[in-house]
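Worksheet: the structure to be examined is printed underneath.
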Amino acid sequence: MAGRPRFLCGVVEGFYGRPWSVEQRKLLFQWLKRRELNCYMYAPKDELKHRLLWREPYTEHEAARMRSLIKAAQEQGVEFVFAISAGQDMVFSSAGDRLLLQQKLRQAQASVANEAYQELGQPSIFLFCPTEYCSSLCSPSPSQSCYLLTLGQELLPGIGVIWTGPKVVSQELSATLLEEVEGVLRRRPVIWDNLYANDYDCRRVFLGPYTGRAPGLMSRLCGLLLNPNCELQANFIPIHTLGSWFQSELGSCARPDRAGMEITVALRDSQGPQKGAYSPQEDTYSPQEALELALLDWVAEINQQALEPGGRAPGHPSISLKGGTRLQPGSGGQQAGSGPTEPLTAKEARSSPTAPVTPEEARSTPMAPVTPEEARSSPTALVTPEEARSCPTALMTPEEARSNPTAPLTLEEVRMLVELFYLPYHHGSQAQHLLEHFRWLWANSLSVGVPAAADDASGGTRWRGRAQSFQRLCVQICRLHSRLVSSAGRALLYDLHRYLWDIRNVLLAASAFVLWLDGHLLCDPDPKGTWGSCFGWCKSITAPTLLGRDAEPWARRGGLFGELQALLPVGNSCDLFYHPPPLFPSSQLYLLRPLLPPDKAELYRMCRESLDCDPRVAEILVAHPDLLGDRLLGSFLSLSPEYTFVLEDEGGPCGYAAGALCAEDFLQQRDSNWLPATRHKYPRDLGAGTPAPGQDALEEALLFFHTEPLAVPLPVLRRFPSLVQLGTAPRVQDVGASRSLAICLLSALRANGSRGVFCQVLVCRSATLVPHPAAAVTTGRLT
């Protein structure tokens with residue numbers, strides 16, 4: 001056993017997408033050394049000369065850069081393995097192609113050790129990735145695959161074979177499967193582990209602990225290389241916990257027989273002296289214990305990066321309006337800036353696990369339970385901006401947050417981040433709670449509909465308690481987004497912001513939609529009724545598909561974001577409104593909710609302040625402050641307030657989304673009831689006596705109320721039965737918040753049966769007081 005090759009354990013840069021930079025790879029080498037991992041494979045799919053243009057030699061500049069990278073790896077004690085993907089278009093019968101491949105490999109490997117390869121005859125490390133590289137690709141099975149049998153017979157013994165496990169992205173690796181693969185290949189495979197690969201889904205990233213690999217696998221392997229997230233900063237915990245697994249495997253004696261003991265000793269001896277986090281006495285790897293240790297180190301790494309020169313990202317700060325108090329973020333746990341945290345012992349780590357919970361556990365232990373008395377005293381209570389600031393789970397008091405808005409991220413904040421983006425087949429506990437709350441509220445929402453069941457007071461109380469818990473969790477996650485923007489370093493922020501931004505946006509809509517469900521859902525007791533039956537059908541078409549155990553993770557599109565979005569009535573049609581994240585992230589906190597009675601005055605003020613007008617028009621607005629608000633929002637607030645949502649920041653309402661479920665009825669009531677009352681409020685001769693410079697503008701504004709509105713074509717009303725209108729203040733720079741407004745309104749309309757919406761296009765004419773409706777409308781289907 002003394003001659004056993006070194007076990008390769010580390011990272012393969014093998015994903016599709018933008019390759020890492022040289023500086024990122026050098027940081028990776030430091031992480032690998034810190035965790036006593038020993039290998040890095042260079043195999044970025046989108047590096048042209050690795051794959052598409054593999055025949056082209058590297059330029060002198062490119063070769064020099066490769067040599068510097070190899071040297072950096074060697075300085076950290078990391079084995080550098082160069083890979084080339086020539087199989088896409090290589091003509092295997094062509095002597096010329098074989099010669100080109102040989103020349104390319106010579107050039108890449110020369111800087112490592114020319115003499116060791118001897119024309120690449122018998123290099124110490126030579127790995128081959130077969131076409132059938134996992135069990136699901138083998139026909140009919142690995143042990144009966146003619147292709148693998150041929151490889152096992154024909155490949156030279158010194159050539160290693162890459163294997164990914166039962167699937168491309170394997171949830172588990174077992175000794176039984178590896179024994180089968182070893183038998184057919186006549187050698188132990190090298191695992192290319194895609195557990196954290198996220199290049200198949202732009203909405204997912206994986207931050208959880210290394211898991212699903214049975215103890216004692218090393219005796220069946222020649223190596224294990226992790227193909228991680230495309231975003232380097234997302235890989236700290238995967239690499240950290242992989243290192244813990246590796247040290248645990250080296251230190252374990254899982255097999256009691258003498259042969260197994262000899263194998264383990266040989267594995268340990270081939271790696272040299274070990275000083276990992278796991279001692280030989282702690283011979284079983286625990287993903288949760290490893291995660292607790294990794295979290296502590298990652299918090300320190302995150303905050304250290306933020307302190308480095310140029311570490312902060314040039315984001316848009318939270319805007320303070322009219323001296324208002326900033327909505328400051330925070331989360332639960334310990335005080336920020338309280339100094340380094342002592343590492344957790346194995347016992348302490350076990351006492352505070354972050355393991356994912358099952359749906360049954362989530363249902364039996366809902367987060368932040370609310371008593372019936374609390375729920376009755378504040379049914380489905382809105383979390384106001386003031387309550388968000390003073391949330392009991394906040395790490396920092398409002399005063400501390402205002403005095404130091406860029407305080408370091410805390411352990412509990414980073415823990416929540418990890419649990420939102422856990423693993424491809426599992427959610428973290430807080431994400432699981434979030435989904436379970438939303439699913440339960442969605443499934444039981446008819447208990448708080450209109451009209452409410454007479455004998456269902458206890459059901460409504462329970463529903464409102466769960467709704468309150470769900471909303472508070474949403475607030476914590478929205479504040480986490482703000483904290484990440486304010487406190488994280490540039491590299492981490494740019495790698496992770498878009499994922500957390502997506503979650504923040506969908507939770508803004510989901511939280512407001514849950515609040516809206518309390519009392520606004522139409523429940524027709526007649527089974528043939530329009531709204532009740534349509535609502536049931538709506539839920540069935542947007543429910544997430546239940547996938548079998550054999551499904552690859554890319555079937556679960558979007559991860560937590562996708563599951564939350566699928567639970568909204570508009571489902572995945574939300575993607576029609578997709579907009580990329582802002583180039584400069586904003587830490588502004590937003591609250592999205594249904595309309596409240598005091599909102600009218602604030603919304604009218606927002607309408608006035610949003611108008612870019614000349615001084616003459618401004619004078620008119622002072623004299624008639626409701627004029628613009630009545631024009632834009634008056635009919636909706638009077639006739640359809642139940643379909644109006646408000647976006648709020650620290651300065652008050654800053655956006656609205658208003659709708660009418662049945663536009664035909666709405667327009668008839670507007671023309672027959674609302675307009676006559678408004679004409680009485682704004683008579684045609686109201687402009688008499690106005691100074692000449694502003695009289696024309698006022699008369700034009702009054703003309704809107706005294707002119708018959710343009711008729712909407714009947715075919716439009718039949719196919720697109722609902723009317724919508726949205727508006728935001730100029731200070732709302734985050735397009736995600738505006739998108740959430742639209743999704744929330746569309747979800748409410750869809751939940752009550754709407755199959756499509758339209759909006760009137762408003763054309764602003766220069767120097768006028770109000771916009772005018774154009775002859776065209778914009779439509780959209782909700783099916």
Side-chain angles (χ1 to χ4, degrees), residues 203-205 327 329-331 362 366-368 380 382-385 387-388 391 393 413 416-417 419-422 427-442 466-485 496-517 542 544 558-572 574-575 577-579 581 585-594 645-649 655 657 734-748:
R203 291 277 177 72
R204 303 189 73 182
V205 68
L327 293 177
S331 60
M367 294 187 64
T380 325
L382 286 167
V383 178
T384 65
E387 291 172 329
C391 182
T393 59
E413 288 172 329
M416 174 176 277
L417 183 66
E419 292 186 356
L420 292 176
F421 306 100
Y422 205 65
H427 292 304
S429 61
Q430 296 192 66
Q432 188 68 39
H433 280 304
L434 192 73
L435 281 169
E436 288 302 319
H437 278 315
F438 198 16
R439 287 174 182 147
W440 188 91
L441 292 166
W442 187 222
R466 291 291 291 266
Q468 205 168 33
S469 299
F470 174 76
Q471 193 198 11
R472 291 188 182 279
L473 188 53
C474 291
V475 168
Q476 292 177 39
I477 295 170
C478 291
R479 291 160 70 225
L480 175 62
H481 169 267
S482 178
R483 288 280 290 134
L484 185 75
V485 175
L496 295 186
H497 173 258
R498 64 188 177 105
Y499 298 105
L500 191 56
W501 184 75
D502 270 343
I503 296 291
R504 189 282 308 258
N505 293 341
V506 75
L507 288 182
L508 280 176
S511 178
F513 177 68
V514 165
L515 291 172
W516 176 87
L517 283 173
T542 60
L560 176 62
F561 167 84
E563 291 188 51
L564 288 168
Q565 182 172 267
L567 288 171
L568 289 168
V570 290
N572 292 322
C574 297
D575 285 336
F577 302 97
Y578 177 73
H579 192 283
S586 169
S587 62
Q588 179 66 65
L589 279 168
Y590 293 101
L591 177 67
L592 179 55
R593 54 174 175 75
F645 294 88
V646 175
L647 183 69
E648 186 177 3
D649 64 9
D734 190 338
V735 69
S738 303
R739 181 178 181 269
S740 299
L741 260 176
I743 291 173
C744 187
L745 173 59
L746 294 177
S747 294

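Here, residue 1 is the first one in the sequence, and each next residue gets the next number.
Side-chain contact between Cys474 and Leu434 is present, with at least one heavy-atom pair separated by less than 4.5 Å. When side chains are defined from C-beta on, Leu508 does not count as touching His481, because their heavy atoms never get closer than 4.5 Å.
We find the CG-CG distance between Leu484 and Leu500 to be 6.0 Å, quoted to the nearest 0.5 Å. With rounding to the nearest 0.5 angstrom, the CG atom of Asn505 is 10.5 Å from the OH atom of Tyr590. One distance of note links CG of Leu591 with CG of Leu589; it measures 9.5 Å at 0.5 Å rounding. Distance check, rounded to the nearest 0.5 Å: CD1 of Ile743 to CZ of Phe645 gives 12.5 Å. The line from CG of Leu420 to CD1 of Ile477 is 4.5 Å long, rounded to the nearest 0.5 Å. For the atom pair CD (Glu563) and CG (Leu568), the distance works out to 12.5 Å, reported to the nearest 0.5 Å.
Across every non-hydrogen atom of Cys744 and Leu592, the tightest pair is CB-CD2, 4.1 Å. Taking all atoms of both residues into account, the shortest heavy-atom contact from Gln432 to Arg439 is NE2-NH1, 4.3 Å. Pro569 and Phe513 get closest at one heavy-atom pair: CG-CZ, 3.4 Å. The shortest non-hydrogen separation linking His427 to Gly559 is CE1-C, 4.2 Å. In plain terms, the two heavy atoms of Ser587 and Val485 that are nearest each other are N-CG1, 3.6 Å.
Ring geometry for Trp501 versus His497: interplanar angle of 30 to 60°, hence tilted. Note on ring orientation: taking the six-membered ring where Trp is involved, the planes of Phe421 and Tyr499 are perpendicular (angle over 60°, cut-offs 30° and 60°).
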message: Pair Leu496, Leu417 - check side-chain contact (heavy atoms from CB on, under 4.5 Å), show working.
response: CA-CA 10 Å; Leu496 295 186; Leu417 183 66; 3.9 Å; yes
Test log, rule side-chain contact (heavy atoms from CB on, under 4.5 Å), inputs Leu567 and Leu435: CA-CA 9 Å; Leu567 288 171; Leu435 281 169; 4.3 Å; yes
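The backbone N or O of Leu507 lies less than 3.5 Å from no partner atom in the side chain of Ser511, so there is not a single donor-acceptor pair. Side-chain N or O atoms of Gln430 include none that pairs as donor or acceptor with a backbone N or O of Glu419 at under 3.5 Å.
Taking the ring pair (Phe, Tyr, Trp, His ring centres under 6.0 Å) definition, one finds that Phe438 meets it with Phe470, sequence neighbours left out. Checked against side chain to side chain donor-acceptor pair (under 3.5 Å), Asp502 has the following partners two or more places apart in sequence or in another chain: Arg203. Arg204 meets the side chain to side chain donor-acceptor pair (under 3.5 Å) test with no other residue; sequence neighbours excluded.
Among the candidates Gln471, Met416, Glu413, the single residue satisfying the side-chain contact (heavy atoms from CB on, under 4.5 Å) test with Gln476 is Met416.
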